[in-house]
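Computed from a predicted model, the values in this text were never measured in an experiment. All values below were derived from every heavy atom in this structure, side-chain atoms included, with hydrogens, water molecules and symmetry-related copies excluded.
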Amino acid sequence: MTAIEIEYCVPCGFLDRAEEIQHTLLQQFGQQIERVALVTGDHGVLTVTVDGERVWDKSEDEYDPDLILRRVRPHVSA
């Protein structure tokens, strides 16, 4: 099953965004995924990794939960 990690910058206050991404992914994929884990970080990080592959990074892409869903979807087995 698919394991997703959301690494977020604690000092930057990105917890709300990380939780929003987590909620969106769980709502969309539910039991199709093994877990959506929040991982603490710093230095402005906000990334989404699926099975070890980074699929979204705040430093490269605008914050858009729909875009993140589209990037994760191909990795989730039906």
Quick one: pull up CE in Met1 and CD1 in Ile33 and give me the separation to the nearest 0.5 Å.
-> 7.5 Å

Only counting residues at least two apart or in another chain, list the ones meeting side-chain contact (heavy atoms from CB on, under 4.5 Å) with Leu38.
-> Ile6, Tyr8, Leu15, Ala18, Glu19, Gln22

What are the two closest non-hydrogen atoms of Gly41 and Pro11, and how far apart are they?
-> O-CD, 3.8 Å

Rounding to 0.5 Å, atoms CG (Leu25) and CD1 (Ile4) come to a distance of 5.0 Å

Give every donor-acceptor pair under 3.5 Å between a side-chain atom in residues 60-70 and any protein atom, sequence neighbours left out.
residue : atom : partner : partner atom : Å
Asp61   : OD1  : Arg71   : NH2          : 3.3
Asp61   : OD2  : Arg71   : NH1          : 3.0
Tyr63   : OH   : Glu20   : OE1          : 2.7
Asp64   : OD1  : Asp66   : N            : 3.0

Residue pairs, two or more places apart or on separate chains, that pass side-chain hydrogen bond (donor to acceptor under 3.5 Å, both in side chains) and touch residues 37-58 = Arg54-Asp57, Asp57-Ser59

Distance-minimising heavy-atom pair for Leu46 and Phe14 | CB-CD1, 4.0 Å

Which heavy atom of Cys9 sits nearest a heavy atom of Gly44, and at what distance?
-> SG-N, 3.3 Å

Do Val36 and Phe29 have side-chain heavy atoms sitting under 4.5 Å apart?
-> no

Could you tell me the separation between the CG atom of Leu26 and the CD atom of Gln28, rounded to the nearest 0.5 Å?
-> 11.0 Å

